[in-house]
2 protein chains.
Amino acid sequence: MIKILLTEDDPNLGSLLQEYLQAKEFEVDLARDGNLGLDMFLENEYDFCILDVMMPKKDGFSLAKEIRIKNPEIPILFLTAKSMPEDTLKGFEVGADDYMTKPFSMEELLVRIKAILKRVKKEEKNPEADQFALGNILFDSHKHTLTHEGNLTKLTSKESDLLKLFCQNLNKPVSRSYALKLIWGDDSYFNARSMDVYITKLRKYLKPNPDLQIMNLHGEGFKLVC
Amino acid sequence: MIKILLTEDDPNLGSLLQEYLQAKEFEVDLARDGNLGLDMFLENEYDFCILDVMMPKKDGFSLAKEIRIKNPEIPILFLTAKSMPEDTLKGFEVGADDYMTKPFSMEELLVRIKAILKRVKKEEKNPEADQFALGNILFDSHKHTLTHEGNLTKLTSKESDLLKLFCQNLNKPVSRSYALKLIWGDDSYFNARSMDVYITKLRKYLKPNPDLQIMNLHGEGFKLVC
DNA sequence: TTTCAAAGTTAAAAAGTGTTAAACCAGGTT
DNA sequence: AACCTGGTTTAACACTTTTTAACTTTGAAA
């Protein structure tokens with residue numbers, strides 16, 4: 001679950017955004033001013049910050065600077081009331097990843113959040129290994145192939161995407177909603193059922209090697225153990 | 001310093017983009033409509049144009065045509081609204097280098113600008129740079145030819161355009177709609193089927209080299225793996 | 001133990017793709 | 001004008017991938 005810190009002093013806008021993003025399957029903590037925002041940031045692990053620029057007690061830029069001390073990598077997106085040149089520049093100096101002027105559409109906000117997260121994820125995984133050894137089975141996620149004792153099996157894109165996710169988290173739990181959002185785009189009932197179908201398919205592929213197993217963690221997700 | 005002409009009638013978005021790009025070390029002139037945009041273009045030397053399609057007085061496509069008269073080489077990137085009638089997209093015939101659909105993230109815009117500039121710079125340095133080595137097959141996208149073990153095959157222009165797009169994105173996914181908009185002008189059912197026909201043709205051409213493969217990424221697009 | 005949500009499995013429906021051939025269309029030629 | 005010609009699109013049919021549906025089994029909580 002992607003965890004977002006949202007700081008916004010306007011209670012209406014704040015909870016509106018919080019609810020919207022929660023509906024989109026993000027975990028969102030809302031802070032009503034800069035000081036509370038910093039407290040929350042230090043107490044929790046976040047993946048993303050959305051900071052209002054004009055807030056009582058501590059403005060968004062000061063907060064961003066302090067956040068950057070602890071975490072120089074975390075994406076920060078600023079919200080500001082009107083387009084002010086000085087503000088924008090100041091924001092980018094602190095290392096803003098993006099910037100939105102009120103009023104804005106929530107849809108647009110979502111687009112930008114996703115774009116930034118996509119880039120960050122790519123950077124994390126870079127350099128990206130696309131071959132995995134699963135016991136005596138070799139998985140090439142780029143070519144979508146499995147090789148076992150010389151014979152080659154072709155996987156479909158979705159099979160490959162899902163298996164890759166398990167390989168990247170070998171022996172570690174992969175939450176259902178994370179996999180769904182990453183591969184299917186969102187966590188819905190039907191996508192979840194679709195994913196179950198793919199789990200069955202992957203289990204068949206991995207059957208040749210008995211010490212390879214996709215375990216279900218009831219209510220949480222799955223893990224591939226080797 | 002790279003000099004960009006930006007035409008955008010929405011003052012908020014316009015100055016936001018201007019400031020963002022200035023923060024990224026570009027020189028940016030902003031014009032509020034198509035006529036002013038043309039005036040500025042004729043009075044200054046630009047390296048890049050970002051044109052909103054829907055503008056008062058003169059739309060982005062008309063402006064692009066006039067810009068092309070003076071400078072057939074300059075990169076043009078269009079900003080389009082989401083709900084555009086299909087035939088308007090035909091405007092890509094004026095030779096857009098890229099397009100972005102609103103809403104978009106500024107970060108993504110920057111990535112695309114850089115990608116185009118990089119390609120343009122490469123072309124300037126090396127006018128023969130539209131040659132690609134695909135294993136032991138040599139592809140000349142300018143002459144529309146493939147050379148394999150001495151024998152030469154001529155490609156049609158569409159075959160060449162599509163193969164070039166794959167070569168520019170070797171081992172990376174190329175989305176269907178991106179290819180369609182870029183090469184066919186718009187993403188419609190019949191163009192998509194036409195594209196499939198071309199995929200088949202390209203696969204035949206690349207058959208002589210077994211480690212060259214156009215893979216389908218179901219529902220997304222294709223990638224050429226080498 | 002009963003109960004119900006979550007997960008496993010299989011099959012059918014729907015969506016997307018591969019391929020071939022015929023139709024169409026624009027250009028140059030007779 | 002009618003006729004070629006080569007490129008491109010449309011049509012048709014086969015096939016693959018993904019999703020939806022229906023039914024079964026499992027697991028955790030009341």
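To find a chain, count down the sequence lines: A is the first, B the second, and so on, and within it residues start at 1.
- With hydrogens and angles left out, the side-chain atoms of B/Asp59 and B/Ser62 include a donor and acceptor closer than 3.5 Å.
- The nucleotide whose nearest atom lies closest to any side-chain atom of A/Arg193 is, among D/dT18, D/dA22, D/dT8, D/dA22.
- If you check every strand for non-hydrogen atoms under 4.0 Å, B/Lys204 touches sugar and phosphate atoms only.
- In this structure, A/Asn191 places its CG atom 6 Å from P of D/dT19, rounding to the nearest Å.
- Rounded to whole angstrom, the span from the OH atom of B/Tyr198 across to the P atom of D/dG6 amounts to 15 Å.
- The 5' end of DNA chain C is approached more closely, in terms of each residue's nearest nucleotide, by A/Met215 than by the other of B/Ile199 and A/Met215.
- No donor-acceptor pair closer than 3.5 Å links the side chain of B/Gln213 to the backbone N or O of B/Met215.
- For the pair A/His218 and B/Val197, both in contact range of DNA chain D, the more 5′-proximal nearest nucleotide belongs to B/Val197.
- Applying the 4.0 Å criterion to OP1 and OP2 of D/dT19, one finds that A/Lys158 has a side-chain N or O inside that range.
- The span of DNA chain C lying next to chain A, judged by atoms under 4.0 Å from heavy atoms, is bounded 5' to 3' by C/dA6 to C/dT10.
- The residue A/Phe222 sits close only to the backbone: its heavy atoms come under 4.0 Å of sugar-phosphate atoms, none of a base.
- If you measure from atom CD1 of B/Ile183 to atom P of D/dT8, you get 11 Å, rounded to the nearest angstrom.
- Atom pair B/Glu159:CD and D/dT9:P shows a separation of 11 Å (rounding to whole Å applied).
- A close approach under 4.0 Å does occur between a side-chain nitrogen or oxygen of A/Trp184 and OP1 or OP2 of D/dT19.
- Mapped onto DNA chain D by nearest heavy atom, A/Phe190 and B/Lys154 fall at different nucleotides, with B/Lys154 at the one closer to the 5' end.
- No side-chain donor-acceptor contact under 3.5 Å links A/Tyr198 and A/Glu159.
- Nucleic acid contact for A/Ser194: base, since at least one base atom lies under 4.0 Å from a heavy atom of the residue.
- Atom C1' of nucleotide D/dG6 and atom NZ of B/Lys201 are separated by 10 Å, given to the nearest angstrom.
- Note on ring orientation: taking the six-membered ring where Trp is involved, the planes of B/Phe132 and B/Phe139 are parallel (angle under 30°, cut-offs 30° and 60°).
- In this structure, the CG atom of A/Asp196 is 15 Å from the P atom of D/dA21, given to the nearest Å.
- Using a distance-only test at 3.5 Å, with no hydrogens or angles considered, a donor-acceptor pair links the side chain of A/Ser141 to the main chain of A/Asp130.
- The distance from atom CG of A/Leu217 to atom P of D/dA28 is 11 Å, rounded to the nearest whole Å.
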Step-by-step side-chain contact (heavy atoms from CB on, under 4.5 Å) determination, A/Leu109 to A/Met100 = CA-CA 8 Å; A/Leu109 176 65; A/Met100 296 202 64; 3.7 Å; yes

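- Counting non-hydrogen atoms under 4.0 angstrom, B/Asn216 reaches the backbone sugars and phosphates but no base.
- The distance between the ring centers of A/Phe26 and A/Phe48 does not fall below 6.0 angstrom.
- The distance between atom CG of B/Leu155 and atom C1' of D/dG7, rounded to the nearest whole Å, is 13 Å.
- A/Tyr46 and A/Asp29 are linked by a side-chain donor-acceptor pair at a separation below 3.5 angstrom, with hydrogens and angles left out of the test.
- Across all strands, B/Thr156 comes closer than 4.0 Å only to sugar-phosphate atoms, never to a base (heavy-atom distances).
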